[in-house]
Colleague: 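Just passing along the structure, written as structure tokens.
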Amino acid sequence: MSRTVIVFLEDCILAAAGREGKYPGLTRVERIRLQGQGDSFERWQQALGGLSAEWKAEPVHLVFPVNLCSARVLKLPYGRGRQLADMASREVADSFRNEIADYSVVFSDQNDGVEICAGGAGEEQLARFEEICVAAGLTVSGMTVPMEGYIRVLRQLDSYWNDTAIYLFFDEGSMTSVLCQNGHYLYSGRSRLFSEPGTLDFGTEIVRSISGILQFYTSEKRDIPITDVYYAGCPDGDFEVSLEGIEALNLRAKPLEPDRRIDMPAGERAADWIHCIGAMINGGRGEKQINLYRENKKNAGKAEKAMGIWGHFVLPAVVLAICLVPVIVVAVWNLRVSGEIKKKQEWIAAPEVQEQYGQALALERRLAEIAVGIREVRLTTENLSVYPELTTDVLHRIENVGGNGISCKVTGYDASTGVLTFRASSREVIDVPVYILKLQSSGLFHTVDYTGYDFENDWYTLDLSCTMEGKNVQEVDEE
């Protein structure tokens with residue numbers, strides 16, 4: 001079955017078409033560099049406009065840039081069919097609370113359980129990608145994240161199943177690191193690279209990132225050592241400045257070469273088109289794949305259906321209200337002309353009765369206010385017992401994670417979800433992988449994500465979005 005893939009990178013777009021499958025065959029590829037500066041979506045749209053008509057002949061599958069999506073590999077108990085789908089859906093919903101998310105199965109074994117690659121992106125981001133594609137005359141059929149493709153490519157390598165290795169995927173100014181052991185995903189992270197490729201500083205940044213992964217692996221106390229580093233997306237001449245540092249860590253560095261059964265157009269290397277190849281690897285019709293476009297449309301359809309059902313009740317409700325008006329008028333008129341009612345009204349209007357009635361109403365209002373206050377206190381107590389806690393002690397612990405060289409400033413906290421956003425700043429270049437690993441191992445957070453890295457006025461600034469670790473229901477019951 002044929003497939004056309006569009007990959008969005010920070011400095012260009014990649015287009016590939018051909019036969020999807022376990023070992024895909026690419027028949028046509030094209031790389032278009034982005035022009036100018038400014039809004040990335042406007043530059044991507046301009047690049048899409050440069051595609052020839054043959055790229056628009058069939059729907060396209062989009063691969064998002066790593067900085068505009070998120071991905072995690074999650075471990076689940078073994079399951080199949082509906083049982084697995086239910087478990088995976090719950091886990092994905094819990095991990096991607098504010099994003100449209102989907103998953104694919106990357107490993108399944110009765111003894112070792114199931115591993116799924118889950119990816120997510122904001123609804124606004126999905127809409128903008130679809131918008132620029134439609135403006136360029138493209139029809140979108142699917143959307144995914146780079147991590148799914150990376151793992152699909154790695155699963156075809158002998159080293160993935162037999163060794164403990166670090167895989168580096170370069171994308172111009174960033175590098176995604178994936179640590180795997182004997183067919184199992186262990187860790188991944190993304191590092192922003194600030195140095196010019198091929199310079200000594202560039203090599204130092206790569207080695208520092210690898211060193212951070214080694215520290216993480218050592219903390220896991222695993223017996224099997226990491227032996228190799230594989231890299232893709234970086235020319236050998238640029239990467240060689242890091243070889244000495246990597247060898248000093250007792251590791252071997254090698255270029256990553258995809259499976260030779262993958263067909264490429266004449267003169268093209270598969271290693272240069274891994275983003276496209278990963279999106280075209282498919283084990284069969286029954287294999288679950290990430291498709292954020294489908295999930296977004298599904299959610300929109302549910303909302304429209306709910307509105308449609310409500311619309312069926314609006315007209316009958318309006319008609320009923322109109323019919324009730326004359327009935328109510330007649331009833332009121334009858335009450336007013338009724339002599340018995342008039343006598344009762346005169347009794348009620350008596351000063352002594354009115355005084356007692358007023359006292360009763362005041363007492364009733366007071367009791368209602370007390371009851372509401374009790375319910376609010378009880379509800380607040382219950383909520384606080386399970387929501388993540390953000391205290392001065394927690395803020396000090398967050399600051400202490402980075403040491404004296406890093407200062408932190410909280411920019412937002414959503415108590416309903418436990419999402420804490422803060423900004424870490426330092427005059428020295430922040431060792432992002434090490435800092436992220438320290439935050440993850442601090443016990444404060446359920447998940448740690450960062451959205452950008454800036455340098456301004458001699459300060460390096462890293463924006464983070466973390467979901468705090470709260471008390472679970474069992475702990476609350478024990479209290």
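Keep in mind that the numbers below use all heavy atoms, side chains included, and drop hydrogens, waters and symmetry copies.
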Colleague: Residues in ring-ring contact (aromatic ring centres under 6.0 Å, His included) with F41, at least two apart?
Modeller: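 F41: ring-ring contact (aromatic ring centres under 6.0 Å, His included) contacts with W44, F129.
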
Colleague: Got a sec, which residues hit side-chain hydrogen bond (donor to acceptor under 3.5 Å, both in side chains) with D11, two or more places apart in sequence or on another chain?
Modeller: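 D11 satisfies side-chain hydrogen bond (donor to acceptor under 3.5 Å, both in side chains) with R33 only.
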
Colleague: Is any side-chain heavy atom of Q215 closer than 4.5 Å to one of L437?
Modeller: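 Result no, sub-4.5 Å side-chain heavy-atom pair not found.
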
Colleague: Just checking K22: does its NZ atom have more than 12 heavy atoms from other residues, nucleotides or ligands closer to it than 6.0 angstrom?
Modeller: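 No, because the 6.0 Å sphere around NZ of K22 holds 12 heavy atoms or fewer from other groups.
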
Colleague: Going through the checks in order, is the side chain to side chain contact (heavy atoms under 4.5 Å, CB included) test met by R427 and Y460?
Modeller: CA-CA 6 Å; R427 289 190 178 275; Y460 294 89; 6.0 Å; no

Colleague: Parallel, tilted or perpendicular for Y230 and Y167, by the 30°/60° rule?
Modeller: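 Ring orientation of Y230 relative to Y167: parallel.
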
Colleague: Rounded to the nearest 0.5 Å, what separates atom CG in L179 from atom CG in L168?
Modeller: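 Atom-to-atom, L179:CG and L168:CG are 10.5 Å apart.
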
Colleague: What pairs of donor and acceptor atoms, side-chain ones from residues 77-90 against any protein atom, are under 3.5 angstrom apart with sequence neighbours left out?
Modeller:
residue: S89; atom: OG; partner: A85; partner atom: O; Å: 2.8

Colleague: Quick one: ring-ring contact (aromatic ring centres under 6.0 Å, His included) partners of Y23, sequence neighbours excluded?
Modeller: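 None.
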
Colleague: Looking only at non-hydrogen atoms, find the nearest pair between M264 and R269 and report the distance.
Modeller: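 It is CE-O, 4.1 Å.
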
Colleague: Does D39 have more than 12 heavy atoms from other residues, nucleotides or ligands lying within 6.0 Å of its CG?
Modeller: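 Yes - once you tally the heavy atoms of other residues, nucleotides and ligands closer than 6.0 Å, there are more than 12.
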
Colleague: Determine the minimum heavy-atom distance between R397 and S442, stating which atoms define it.
Modeller: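 Smallest interatomic distance, heavy atoms only, reads NH2-O, 3.4 Å.
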
Colleague: Does E220, at its CD atom, have more than 12 non-hydrogen atoms belonging to other residues, nucleotides or ligands within less than 6.0 Å?
Modeller: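 Check passes, neighbour count above 12.
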
Colleague: Just jot down the ring-ring contact (aromatic ring centres under 6.0 Å, His included) partners of F216, sequence neighbours excluded, or say none.
Modeller: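 With neighbours one apart ignored, the set is Y187.
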
Colleague: Should F8 and I132 count as side-chain neighbours, where that means a heavy-atom distance under 4.5 Å?
Modeller: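 F8 reaches I132 side chain to side chain.
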
Colleague: A side-chain contact here means heavy atoms from C-beta on lying under 4.5 Å apart; do L26 and E268 qualify?
Modeller: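 When only atoms from C-beta onward are counted, E268 and L26 do not touch, as no gap falls below 4.5 Å.
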
Colleague: Can you list the steps and then say if T164 with T227 is a side chain to side chain contact (heavy atoms under 4.5 Å, CB included)?
Modeller: CA-CA 6 Å; T164 301; T227 57; 5.5 Å; no

Colleague: Is it true that R128 and E124 have a side-chain N and a carboxylate O under 4.0 angstrom from each other?
Modeller: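 Not counted as a salt bridge, because no side-chain N and carboxylate O are separated by less than 4.0 Å.
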
Colleague: Out of R152, E20, E148, which one pairs with I281 under the side-chain contact (heavy atoms from CB on, under 4.5 Å) rule?
Modeller: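 So the option named by the test is R152.
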
Colleague: With a 4.5 Å limit on heavy-atom distance, are the side chains of I151 and E115 in contact?
Modeller: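 No; the side chains remain at least 4.5 Å from each other.
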
Colleague: Can you name the residues that form a side-chain hydrogen bond (donor to acceptor under 3.5 Å, both in side chains) with S2, not counting sequence neighbours?
Modeller: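 Counting only residues at least two positions away or on another chain, S2 forms a side-chain hydrogen bond (donor to acceptor under 3.5 Å, both in side chains) with E58.
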
Colleague: May I ask you to test the L157-L154 pair for a side-chain heavy-atom distance under 4.5 Å?
Modeller: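 L157 vs L154: side chains touch.
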
Colleague: Keeping to residues at least two apart or across chains, list the ring-ring contact (aromatic ring centres under 6.0 Å, His included) pairs with something in residues 255-285.
Modeller: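 Listed once each, the pairs are Y150-H275.
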
Colleague: Applying ring-ring contact (aromatic ring centres under 6.0 Å, His included), name anything that partners Y293, two or more places apart in sequence or on another chain.
Modeller: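 Checked Y293 against ring-ring contact (aromatic ring centres under 6.0 Å, His included); zero matches.
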
Colleague: State, yes or no, whether a side-chain contact exists between R19 and T27 at a heavy-atom distance under 4.5 Å.
Modeller: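 Side-chain contact under 4.5 Å: no.
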
Colleague: With sequence neighbours excluded, what pairs up with S188 under the side-chain hydrogen bond (donor to acceptor under 3.5 Å, both in side chains) test?
Modeller: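 Here the qualifying residues are Y185.
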
Colleague: Measuring from atom CD1 of I398 to atom SG of C408, what distance do you get when rounded to the nearest 0.5 angstrom?
Modeller: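 Spacing of CD1 (I398) from SG (C408) equals 7.0 Å.
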
Colleague: Can you name the nearest heavy-atom pair linking A270 to I277, along with the distance?
Modeller: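 Reported closest heavy-atom pair: O-CD1, 3.4 Å.
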
Colleague: Work out which heavy atom in F239 is nearest to a heavy atom in A253; give both atom names and the distance.
Modeller: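 Closest approach of F239 to A253: CE2-CB, 4.0 Å.
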
Colleague: Please lay out, stage by stage, how T421 and T411 fare under the test side chain to side chain donor-acceptor pair (under 3.5 Å).
Modeller: CA-CA 5 Å; T421 56; T411 57; 3.0 Å; yes

Colleague: Starting at CG of D228, measure out to CG of L256 and round the result to the nearest 0.5 Å.
Modeller: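 Answer for the CG-CG pair, D228 versus L256, is 11.5 Å.
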
Colleague: Apply side chain to side chain contact (heavy atoms under 4.5 Å, CB included) to residues M1 and N282 and explain how you reach the verdict.
Modeller: CA-CA 10 Å; M1 185 175 179; N282 184 359; over 6 Å; no

Colleague: Within a 6.0 Å radius of atom CG on L249, are there more than 12 heavy atoms belonging to other residues, nucleotides or ligands?
Modeller: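 Atom CG in L249 is crowded, with more than 12 foreign heavy atoms closer than 6.0 Å.
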
Colleague: In sequence, state the C-alpha distance, the side-chain angles, and the governing distance for K75 and D112, and then conclude on salt bridge (Lys or Arg N to Asp or Glu O under 4.0 Å).
Modeller: CA-CA 9 Å; K75 299 181 184 297; D112 295 337; over 6 Å; no

Colleague: One pair to check against side chain to side chain donor-acceptor pair (under 3.5 Å): E91 and Y103. What are the steps and the verdict?
Modeller: CA-CA 10 Å; E91 192 70 21; Y103 71 94; over 6 Å; no

Colleague: Sequence neighbours excluded and cut-off under 3.5 Å, please list the side-chain donor-acceptor pairs for residues 61-73, or say none.
Modeller:
residue: S70; atom: OG; partner: E99; partner atom: OE1; Å: 2.9
residue: S70; atom: OG; partner: E99; partner atom: OE2; Å: 3.4
residue: R72; atom: NH1; partner: S95; partner atom: O; Å: 3.0
residue: R72; atom: NH2; partner: D449; partner atom: OD2; Å: 2.8

Colleague: Roughly how far, to the nearest 0.5 Å, is OG of S52 from CD of E30?
Modeller: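 E30 atom CD to S52 atom OG measures 6.0 Å (nearest 0.5 Å).
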
Colleague: Restricting to salt bridge (Lys or Arg N to Asp or Glu O under 4.0 Å), what partner residues turn up for R31, sequence neighbours left out?
Modeller: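 Scan of R31 (salt bridge (Lys or Arg N to Asp or Glu O under 4.0 Å), adjacent residues dropped) gives none.
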
Colleague: Walk me through whether R208 and E205 qualify under salt bridge (Lys or Arg N to Asp or Glu O under 4.0 Å).
Modeller: CA-CA 5 Å; R208 183 184 296 126; E205 288 190 68; 5.4 Å; no

Colleague: In sequence, state the C-alpha distance, the side-chain angles, and the governing distance for L292 and V145, and then conclude on side chain to side chain contact (heavy atoms under 4.5 Å, CB included).
Modeller: CA-CA 9 Å; L292 301 180; V145 298; 4.3 Å; yes

Colleague: What's the spacing between D201 CG and E196 CD if we round to 0.5 Å?
Modeller: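 Separation between the atoms: 10.5 Å.
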
Colleague: Quick one: closest heavy-atom pair of A424 and I406, and the distance?
Modeller: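 Smallest interatomic distance, heavy atoms only, reads CB-CG2, 3.8 Å.
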
Colleague: If I take atom SG from residue C180 and atom CH2 from residue W161, how far apart are they, to the nearest 0.5 angstrom?
Modeller: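 Taking SG in C180 and CH2 in W161, the distance rounds to 10.0 Å.
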
Colleague: Are T447 and T467 close enough that a side-chain donor and a side-chain acceptor fall under 3.5 Å?
Modeller: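 Yes.
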
Colleague: Taking the side chain as every heavy atom from C-beta outward, state whether E131 and Q45 have any atom pair closer than 4.5 Å.
Modeller: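 Contact flag for E131/Q45 side chains = no.
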
Colleague: Compare every heavy atom of Q181 with every heavy atom of R222, then report the nearest pair and how far apart it is.
Modeller: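 Answer, listing the atom of R222 first, then Q181: NH1-OE1, 3.5 Å.
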
Colleague: Return yes if some donor-acceptor pair links the side-chain N/O of R43 with the main-chain N/O of G38 below 3.5 Å, else return no.
Modeller: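 A pair under 3.5 Å: no.
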
Colleague: Can you find a heavy atom in the side chain of I210 that is under 4.5 Å from one in the side chain of I226?
Modeller: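 Of all side-chain heavy-atom pairs linking I226 with I210, none is under 4.5 Å.
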
Colleague: According to side-chain hydrogen bond (donor to acceptor under 3.5 Å, both in side chains), who are the partners of S191, at least two apart in sequence or on a separate chain?
Modeller: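 Checked S191 against side-chain hydrogen bond (donor to acceptor under 3.5 Å, both in side chains); matches are S209.
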
